[in-house]
Each structure stands twice: as C-alpha cells, then as structure tokens.
Amino acid sequence: MTARIAGNDYRSLTPPALGSWTPSLRVSVVVPAYGDQEKLDLTLAGLATQTYPAALTEVVVVDNGSDPPLRLPALCPENTRLIVCPVPGRAHARNAGLAAATGDVIHWLDSDVVLDRRSVEAHMRWHHAAPYLVVTGYLRFTPAALPAPEVVAAADDLAKLFEPAEPHAWLVDLVERTDGLTANPHRAFSLHVGGATSVNAALLAVAGPMDTDLILGQDTEMGYRLAQAGAVFVPEPLSRAFHLGPTMRMRDKAPIDRVSHAFVADRIPSYRWLRSHPSRQWKVPYVEVVVEPAGWPEGYTYDGVRATVDAVLAGTLPDVVVTLTGPWDRVGAEGRAPLKDPDLDLVLIRGHYAHEPRVRFADEVPAVVPALSSDRPGGSAAPGPAWAVPYRLRLPAGWVPGEDTLARLLDLARDEGYGLVSVLLAEGDGDAETGEMGEGGRIAEPVGAGTGSGRAVVRARLERAAAFARAAIVLEEGEDLDDAVDDTFGVIWVDGETYGFAPEAAALTGRRGAYRARAEADAEVARLAREAERLREQVAKWRDEAGRWRRSTVELRREVGTLRKELAAARKIVQYGLLSSVKRAIIRRR
C-alpha cells in the first residue's frame, strides 16, 4: 500500500534513521557543468565518499560546451559518466543528463556544490517511504579557499573546511514561516531548487523535462509541474552541503526576479500577484471549464451551451479556458438544407466559437493529470499547458454561473485546500442506476446508493489537478478516486444557488456596461464626497454659530448679574430712605 500524505504534511511518514536501514532504490546524480574544473573536482570528491551504497549510485556529469572540455578526475565515484551537451543553457544540460540517467531517483546537483557524506542517504531514506516526494537539502554558501579534492574526501565534517558560511536565507525563511512547508502547501513547490534536490524519476516522467524556453526560473517552474503531478516537498536538514561561493541570486536578487517573473508569470498560475492584469490571457490558465452534455440532442443545445460559455467568459476571472466535449467529428458542411441537419446544434456551437481562442473542442473529458508511470524520464513529453492548469470545473451545459461565481469557488478551494468542491445544482426523481434526470436531460448522478432513496442530483465539480494526481498515485484497487482525493486533500459539497448558479441565462453586463457602471459608481462616489464636504462645511458653520451664541449667553448672564446687583443696591437704598422717612414722621408727631 502506497503511503498517503494529506496536503504537504510529510510528517506522517517516518523515514529510517541514518545508517540503520537497507536501501534498494538506485539514484542518478545529475551534475550539469560549464567550465571551472577545480570546483567540479571538489563536487565529485564529495560524492566519492557518500554513505549511500556505491552499487546503487550513478553520477552523470554533463559538459555544457566547456572550453577546454571538462574531464573526470581520478577521485570520483566508480560509476561516473561524462556526457556532452553542446546546446548552451543549464536547462538543456539538465535534460541531457535526465535522458541519460537510469536511476529510480534523480538527484540534481550543481557542479559547485560539495555534499556532506551522509547527504544522499538522507535524501534516499525519504524516497523509500513514498514514491512521489521531492527532497531538498540545506545549502550554506562559503567564501573559503578551495581545498584539495583529497582533503574533501577525507573530511569527516565539511564545516571544518568551509565555515564560516551563510545559510540559504530565502529557503530557511520559507521553511520556518510555513512550519516546514506544511502550513502553506500552495507554495511548497518553491522548494524545488537545483543545487541539491532529489526527485522520484517516475514523477519526473509525468512532470516532463525542464522548460528550455525559460531564461531563469526553470527550477521553480519545474517544481510547479511536479506539484501538479502530485508531489510532496520535503526539506531535509540532515542533508547538508556547501556551495562554493555566492549564487547569482545572492548577488543580484532584484534584477534576477525581474527577468524570472516576466517568464514564469505565463507558466505558474499559482503566482496570482504576477497576473494582476484585468483581462489578458496566459499560456497556462488558472482554471479550465469543461462543459459537458447529458445526451444528444436535448442535453446539449446551442442555446444552453451559449448561455453557459458566455457567462463563463464574461465573469470576473478572465484567466480561464473553456473545453466543449462532444462528437465534433460529426460536424460537416451542409449546404443544401441546414435546418434539417440532425446535428444542427453541433454545427451552430462549433461555428459560434470557432474563432474564440479561449474555447476548445474535445471528443471526451480530458484527464486531469496522467497517472504516475514507470517510464523513463528521458522519454517524457515536453512541458506544456495541457495538464498544468491547476483547477478544472466540470459544468453541465445550460447551467449558468454568476459573474463572480467561478472566482468565489476558486477562493474556497484554494483557501481551504480542498481537492474537490462538488456543487449541488438540482435534485429530483430520476433513474438511480443511470443517473439521468427525468427533465432537462442534464448531467446527473445517483445519490443515496444503498438507502433506497433513488434520487438523482445535478452537480458541478471543481477539481484540483494536484489532488487528483496524488489520488491516482495512492489509489487502491476497487477504490473510488474521489475517496482518495478526500483522504489526501478533502472534499466538500456546496449549494449552487448560494454561489450564483442559475438554470437559465441572465443579461450579461459586458465590458462596456461594466465600464459605464464603474464610471457611474465613481461619479456617484464623487457626488457623495462633495455632498459630505458640503455638510462638513455646514456643520462647521453651525458650530461657529453655536459658539457665538454661547459667548453671547455668557455676556448676557454677566449683564443680568450686574443688574441684579444694582437692583439689590437700589432696594437697600429705597428701604433705608423709607425707614428714615417713617422715623422723621414719628418724631414730628411726638
């Protein structure tokens, strides 16, 4: 039974301790090289004393057109070959070595990297635990003077020769902030770096060789395709190595990123921040929508297909292609009586979308990813977009997604890591064996098997390619593929209406309509901003007025206080004068 790993959580595996196990897999160490014979000699000296059995190890050195030509030194592994790749470029050299390799595992190694003697064994113990792993060791970059090859071969600890050295800061940071790549499996493929990484050869046969059209970023792009093929990425701290001098990226990170991003944006849909343009298309789209019929002709009409396809193409996610499945070989030229053609709807569909570059035609639903095989990697096909699309939505013809439906479903699948999102579109009485609905003829399938319910459902399926590739690797005989997807990535059901699906077409906004709506919204925002400013000024005015009234009230209160004092004084005077008059009157009467 093949071990099952959920997401990128390789911690469910327990590889054997170094030196306590018996290996059986063969490893091919592929070393592309261009010049610098002195460093190559040290790389091969480090390989000559590895603890992994020499009988299970081969080394393929690829001279990428060096002048003078490279040679194999006396101190190198016993099973070492030197081949020549005259076409310049690291990717071409890697592919030449890959084609010549015969091992069960391919171990990439740069010609200026010296491995610790336990490094290959540290890699290989993981590959014996599962057949779909990508293992990367820890590099340190040393400025030390180069020792003699014999010194490297005799050293029990390379740190004594090459420290102090700098760590691979970017890799260490990625591993630490993702809990060893388990907390963010979407970026795990970035771990595939060519300095000291090993890959199962059968997995490489599926992913394909290096993309020779790329100037930079070939390692990352291949890592993405390996992830699509179902790979799990493992950082191995026990695999230690020293890079002789700094890398080009350490010297010129910003300009290198500028060049790399210009090319990988077309090939790695997962790098969403590189695809910020609101409408352009890319070599590898983010999602493929496969529109499927339930039967002919009622299950796949021109009007139903057009409603579905037009809604997909008009959505908020432009990074999409549409595949229409059906018997397109039946479409012919009918010049006399087109209205009597039994395949008229096929003709109309084909004609309507014949020149739309985002719409493709296929006889059947394409495979998400080819299954893992034992074919040699040298015979694999060149990399391309055929199966590198990360997500696929299978949608019955006639069901119409809302403007933001596809983007919302993809957010759910990505954020939660699901391998399959099943969308319930409709349910009703139908044939529980064939799954065909009694109405509409749309794609349906039985539910409640064994319960006697006999109810059929119409559903859409958002499938993650990496999840189905992994499931195909670990699938057991008689097991349903969706169950294996559930084990490794998870499956969820959602309600179609909640996500904006409808059984009939709605009016499309269109790009001009959307522009006008945005312009009107911007104008309304500007009007409300002006009104808010006017009200703020009005409030400020009334606040000033209220301040004046408060000041006036204080002054009036002061005046009233003064008058009260004067009145009190006057009253005292009057009272005193009246009392004096009374006294005088009394005195006179006496």
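Source: prediction; values computed, not measured.
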Student: Looking only at atom types and distance, does a side-chain atom of Q218 sit under 3.5 Å from a main-chain N or O of M210, one as donor and one as acceptor?
Tutor: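 Absent.
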Student: Please check if the side chain of E121 supplies one atom and the backbone of G19 the other of a donor-acceptor pair under 3.5 Å.
Tutor: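 It does hold such a pair.
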Student: Kindly state whether the ring of Y391 and the ring of Y286 have centres lying under 6.0 angstrom apart.
Tutor: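 For Y391 and Y286, the ring centres are under 6.0 Å apart.
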Student: Which residue pairs satisfy the ring pair (Phe, Tyr, Trp, His ring centres under 6.0 Å) criterion with at least one member in residues 19-53, sequence neighbours excluded?
Tutor: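 Checked against ring pair (Phe, Tyr, Trp, His ring centres under 6.0 Å) - neighbours excluded - the pairs reaching residues 19-53 are W21-H128.
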Student: Relative to the ring of F162, is the ring of F242 parallel (under 30°), tilted (30 to 60°) or perpendicular (over 60°)?
Tutor: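 If you compare the ring of F242 with that of F162, the planes turn out tilted.
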Student: Using atom types as modelled and distance alone, determine if a side-chain donor or acceptor of S20 lies under 3.5 Å from a backbone N or O of A17.
Tutor: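 Yes.
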Student: Restricting to pairs with a member in residues 57-75, which pass side chain to side chain donor-acceptor pair (under 3.5 Å), not counting sequence neighbours?
Tutor: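 Counting only pairs at least two positions apart or across chains, the side chain to side chain donor-acceptor pair (under 3.5 Å) contacts touching residues 57-75 are S28-E58, E58-R81, E58-T102, D63-S66.
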Student: Between the main-chain N or O of H123 and the side-chain N or O of S198, is there a donor-acceptor pair closer than 3.5 Å?
Tutor: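 Side chain of S198 to backbone of H123, a donor-acceptor pair under 3.5 Å: no, none is there.
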Student: Of D9, D483, D487, D486, which is the lone residue that meets salt bridge (Lys or Arg N to Asp or Glu O under 4.0 Å) with R4?
Tutor: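 That would be D487.
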Student: Between the main-chain N or O of V421 and the side-chain N or O of R464, is there a donor-acceptor pair closer than 3.5 Å?
Tutor: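 A pair under 3.5 Å: no.
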Student: Before giving the answer on side-chain contact (heavy atoms from CB on, under 4.5 Å), spell out for V359 and V321 the whole-Å C-alpha distance, their side-chain angles and the decisive distance to 0.1 Å.
Tutor: CA-CA 6 Å; V359 176; V321 295; over 6 Å; no
Student: Could you label the plane-to-plane angle of the F361 and W328 rings as parallel, tilted or perpendicular, counting under 30° as parallel and over 60° as perpendicular?
Tutor: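 F361 and W328: perpendicular rings.
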Student: Are the charged groups of R240 and E163 less than 4.0 angstrom apart, N to O?
Tutor: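 Not counted as a salt bridge, because no side-chain N and carboxylate O are separated by less than 4.0 Å.
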Student: Relative to the ring of H243, is the ring of F141 parallel (under 30°), tilted (30 to 60°) or perpendicular (over 60°)?
Tutor: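 Tilted: the ring planes of F141 and H243 meet at 30° to 60°.
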Student: Could you please spell out the steps behind the side-chain contact (heavy atoms from CB on, under 4.5 Å) verdict for V29 and Q50?
Tutor: CA-CA 12 Å; V29 183; Q50 289 294 308; over 6 Å; no
Student: For N8 and F233, indicate whether the former's side chain and the latter's backbone hold a donor-acceptor pair under 3.5 Å.
Tutor: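 Yes, the answer is positive, given that a donor and an acceptor are paired below the 3.5 Å cut-off.
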